[in-house]
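The structure appears right after this line, and notes come after that.
Excluded from the calculations below are hydrogen atoms, water molecules and symmetry mates; all remaining heavy atoms, backbone and side chain alike, are included. Letters A, B, ... mirror the listed sequences (proteins, then strands); counts begin at 1.
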Amino acid sequence: MGDEIRRNMALFPIGIVMKLTDLSARQIRYYEQHSLIVPARTSGNQRLFSFNDVERLLEIKALIEKGVNIAGIKQVMNPVSKESEEATVITADTEVKRRELSDTQLHRLLKQQLVAGKRPGQVSLIQGELSRFFNNK
DNA sequence: CTTCTGACA
DNA sequence: TGTCAGCA
């Protein structure tokens, strides 16, 4: 179970998550207000999302598209566990590493996330964003 | 330039 | 939900 840390490791800002999930910043923040997600914060109060957060957002999006409202989603989805909530807390140390994690390490992480058992349908959603990491620098 | 919070023609 | 303001 040492894979959990990677999924709960917060590394992307809301801008990336918007592209990843096709949700507006407004929606993402709104869902956070309703505790559907609990992204970590940087020292500058900026939100930092983990793979788990993105996955939750995709689930939320799927439910929204099915016509489910916030109240309904809260019932269907289990609340954020304390473990992942604690795990996503950003420390000054991990925050620095996030910036040094741009290239090879990030590529490996993303690759691992993709191959680490996931439905082929959902993977395609982040495919476009992945190309950004592989082409960009 | 990007993100954050609050507010509503 | 969108969108704009005024900060950081």
Where along nucleotides 2-9 of chain B does protein come under 4.0 Å, by heavy atom, of base (B) or sugar-phosphate alone (S), with - for untouched nucleotides?
-> -SBB-B--

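The line from CG of A:Leu23 to CD1 of A:Ile64 is 8.5 Å long, rounded to the nearest 0.5 Å. Annotation: the span from A:Ile14 atom CD1 to A:Ile28 atom CD1 amounts to 4.5 Å, rounded to 0.5 Å. Rounded to the nearest 0.5 angstrom, A:Tyr31 OH and A:Ile70 CD1 are separated by 5.5 Å. Expressed to the nearest 0.5 Å, how far CD1 of A:Ile16 lies from OG1 of A:Thr21 amounts to 11.0 Å. Put simply, CG on A:Leu36 and NZ on A:Lys74 are 7.0 Å apart, with the number rounded to the nearest 0.5 Å. The CE atom of A:Met77 sits 5.0 Å away from atom CD1 of A:Ile60, with the distance rounded to the nearest 0.5 Å.
In this structure the side chain of A:Phe12 never reaches within 4.5 angstrom of the side chain of A:Asp53, judged on heavy atoms.
The existence of a salt bridge linking A:Glu32 and A:Arg41 is confirmed by a sub-4.0 Å separation between a basic side-chain nitrogen and an acidic carboxylate oxygen.
Taking a pair as Watson-Crick or G-U wobble with both distances under 3.5 Å, DNA chain C forms stems of 3 or more consecutive pairs at B:4-8 with C:2-6.
We find that CD1 of A:Ile60 is positioned 11 Å from P of C:dT1, with the value rounded to whole Å.
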